[in-house]
Amino acid sequence: MKKNIALALAFAVLATTAAAQETKKKEEKKMSGNPVVVVKTSLGTFKAEIYSDKAPVSAKNFLQYVSDKYYDGTVWHRVIPTFMIQGGGFDKDLNKKETRAPITNEASNGLSNTVGTLAMARTNDPNSATSQFFVNVKDNLFLDKARSGDGVGYAVFGKVTEGMDVVNKIKDVPTGMKNGMGDVPQTPVIIESIRMQ
C-alpha cells in the first residue's frame, strides 16, 4: 500500500514538473513575442523561432514569403554537411523562382551564425538577400560581421527550436552536380511548406 502511495506521489511530482516546464516555455514564448514557423520537408519537420525583435527587416521579409506560401515546393538546393543547408529559391527541377526586391543586410544585429541558426543567403552584394536562406549545421562564426572577410557578414534572423535531427538528416544526403550547380542533393529534398505555428 505504502509503495503504491509513493509511486502515485512520484507520478504526481513528475506530472507537476512537466506541467510547470510547459507553462514556462509558453511564458518565454509570450515574453519574446517572436513568431515560430513550422518547416515541413520531405525528410521531416522542424520548427524555428523568427527573431522579429532583433532582425526586423529579415524577419518581415521571410514571413512575407511564408504568408505568400512562396516556399511550398521549393528545395534545399545546396547542402554542405560541414557547413549549412540552403533553400528557398528553386523548384525541384532547379528552376529559379521570381522574388521580391532585395532587402538591407542586418548582419550588424549582434546575432551569431551558430549551429541551428537561420540566416539570409546573398550574393557578393551585401544587400542582395531575397527569399533564400540557410540553416547553419555547425558554428560558422566567420560569417558574422565581426569576423567576415568582406566586413559585412550574413544576417541571422532565427533559430531552430525543435527538430534539429531533421536538419542533420538533410545535411547528410548524397549530393553532386546538377544544372551547373554543385552540392545539390541527388534526390530532391523538398520544402513542402512553411507555416506560422
Hey, does the side chain of Ser52 reach the backbone of Ala59 with a donor-acceptor pair shorter than 3.5 angstrom?
no
- Message: Under 4.5 Å between side-chain heavy atoms, counting indirect links through other Ile/Leu/Val/Met/Phe/Trp/Tyr residues: same cluster for Val115 and Phe157 or not?
- Response: yes
Tightest non-hydrogen contact, residues Arg122 and Ala129, listed as CB-N, 4.0 Å
### Query
Can you tell if the side chain of Ser112 reaches within under 4.5 Å of the side chain of Thr117, non-hydrogen atoms only?
no
Could you state whether Phe142 and Val135 fall into the same hydrophobic cluster, counting links through intermediate Ile, Leu, Val, Met, Phe, Trp or Tyr residues with side-chain heavy atoms under 4.5 angstrom apart? no
Does Asp139 use its side chain to pair, donor to acceptor, with the backbone of Leu141 at less than 3.5 Å? no
When you measure from the side chain of Asp144 to the backbone of Asn113, do you find a donor-acceptor pair of N or O atoms at a distance under 3.5 Å? yes
Take the angle between the ring planes of Tyr154 and Phe134 and call it parallel below 30°, perpendicular above 60°, tilted in between.
perpendicular
Taken to the nearest 0.5 Å, the spacing of Lys171 NZ from Met164 CE works out to 8.5 Å
Looking only at heavy atoms, the pair that brings Ile191 and Gly88 closest together is CD1-N, 4.1 Å
_Worked verdict on Leu143 versus Asn136 for side chain to side chain contact (heavy atoms under 4.5 Å, CB included)_ = CA-CA 10 Å; Leu143 298 178; Asn136 289 292; 3.9 Å; yes
Heavy-atom donor-acceptor pair, Asp150 side chain to Val152 backbone, under 3.5 Å: yes
Query raised in the report: Hey, are the side chains of Val184 and Thr175 touching, using non-hydrogen atoms and a 4.5 Å cut-off?
Result: no
Exceeds 12 heavy-atom contacts within 6.0 angstrom, atom NZ of Lys138: yes
Do the side chains of Thr45 and Val166 get nearer than 4.5 Å, heavy atoms only?
-> no
Quiz item: Below 4.5 Å, heavy atoms only, C-beta onward: do Ile194 and Phe62 meet side chain to side chain?
Solution: yes
Say whether, by atom type as modelled, one donor and one acceptor occur between the side chain of Ser128 and the main chain of Asp125 under 3.5 angstrom. yes
- Treat each ILVMFWY residue as a node, draw an edge where side-chain heavy atoms are under 4.5 Å apart, and state whether Ile80 and Met120 are in one component. no
On a heavy-atom basis, the closest approach of Val137 and Pro81 is CG2-O, 3.5 Å
field: Flag side-chain contact, heavy atom, 4.5 Å: Val173 against Leu43
entry: yes
Measure the acute angle between the ring planes of Tyr65 and Tyr71, then classify it against the limits of 30° and 60° as parallel, tilted or perpendicular. tilted
Candidate pair Arg78 and Phe90, rule side chain to side chain contact (heavy atoms under 4.5 Å, CB included), full reasoning: CA-CA 10 Å; Arg78 186 170 174 235; Phe90 294 87; over 6 Å; no
**Message:** One pair to check against side chain to side chain contact (heavy atoms under 4.5 Å, CB included): Asp68 and Arg100. What are the steps and the verdict?
**Reply:** CA-CA 11 Å; Asp68 294 342; Arg100 294 193 314 277; 3.7 Å; yes
Evaluate the side-chain proximity of Val79 to Ile170: yes if any heavy-atom separation is below 4.5 Å, no if none is.
yes
query = Any side-chain donor-acceptor pair under 3.5 Å between Asn105 and Asn127?
reply = no
Heavy-atom nearest pair, Ser42 first then Pro188, reads OG-O, 4.1 Å
Distance col, row Ser131:OG vs Ile103:CD1, nearest 0.5 angstrom, shows 10.0 Å
Next item on the list: Evaluate whether atom CZ of Arg147 has more than 12 neighbouring non-hydrogen atoms of other residues, nucleotides or ligands under 6.0 angstrom away.
Entry: no
* Main-chain N/O of Val156 paired to Asn109 side chain as donor or acceptor, under 3.5 Å -> yes
task: Mark yes or no for whether Glu162, through its side chain, and Phe46, through its backbone, hold a donor-acceptor pair below 3.5 Å.
output: no
With the side chain counted from C-beta on, respond yes when Pro35 and Leu63 share a heavy-atom pair under 4.5 Å apart, and no when they do not.
yes
- Message: Could you see if Met196 belongs to whatever hydrophobic cluster contains Phe133? Use Ile, Leu, Val, Met, Phe, Trp, Tyr and a side-chain cutoff under 4.5 Å.
- Response: yes
>> Tell me whether Asn61 contacts the main-chain N or O of Thr130 through its side chain, where contact means a donor paired with an acceptor under 3.5 Å.
In response: yes
Rounded to the nearest 0.5 Å, the NZ atom of Lys159 sits from the CG atom of Asn34 at a distance of 13.5 Å
**Request:** List the steps, then state whether salt bridge (charged side-chain N to carboxylate O under 4.0 Å, His left out) holds for Lys40 with Asp72.
**Result:** CA-CA 9 Å; Lys40 186 179 177 189; Asp72 294 12; over 6 Å; no
key: Crowding at CG, Asn124 (>12 non-hydrogen neighbours, <6.0 Å)   = no
So CG of Asn179 and CG of Asp93: to nearest 0.5 Å the spacing works out to 8.5 Å
_Are the side chains of Lys96 and His77 in contact, using a 4.5 Å heavy-atom criterion?_
no
**Request:** Would you confirm whether Tyr70, through its side chain, and Glu98, through its main-chain N or O, come within 3.5 Å as a donor-acceptor pair?
**Result:** yes
Passes side chain to side chain contact (heavy atoms under 4.5 Å, CB included), Val167 versus Ile85? Steps please. CA-CA 8 Å; Val167 173; Ile85 63 170; 3.9 Å; yes
message = Quick check on the hydrophobic clustering: are Val160 and Val66 connected, directly or via other members, by side-chain heavy-atom contacts under 4.5 Å?
response = yes
Item to check | Short side-chain to backbone donor-acceptor contact, Glu106 and Val57, under 3.5 Å | outcome: yes
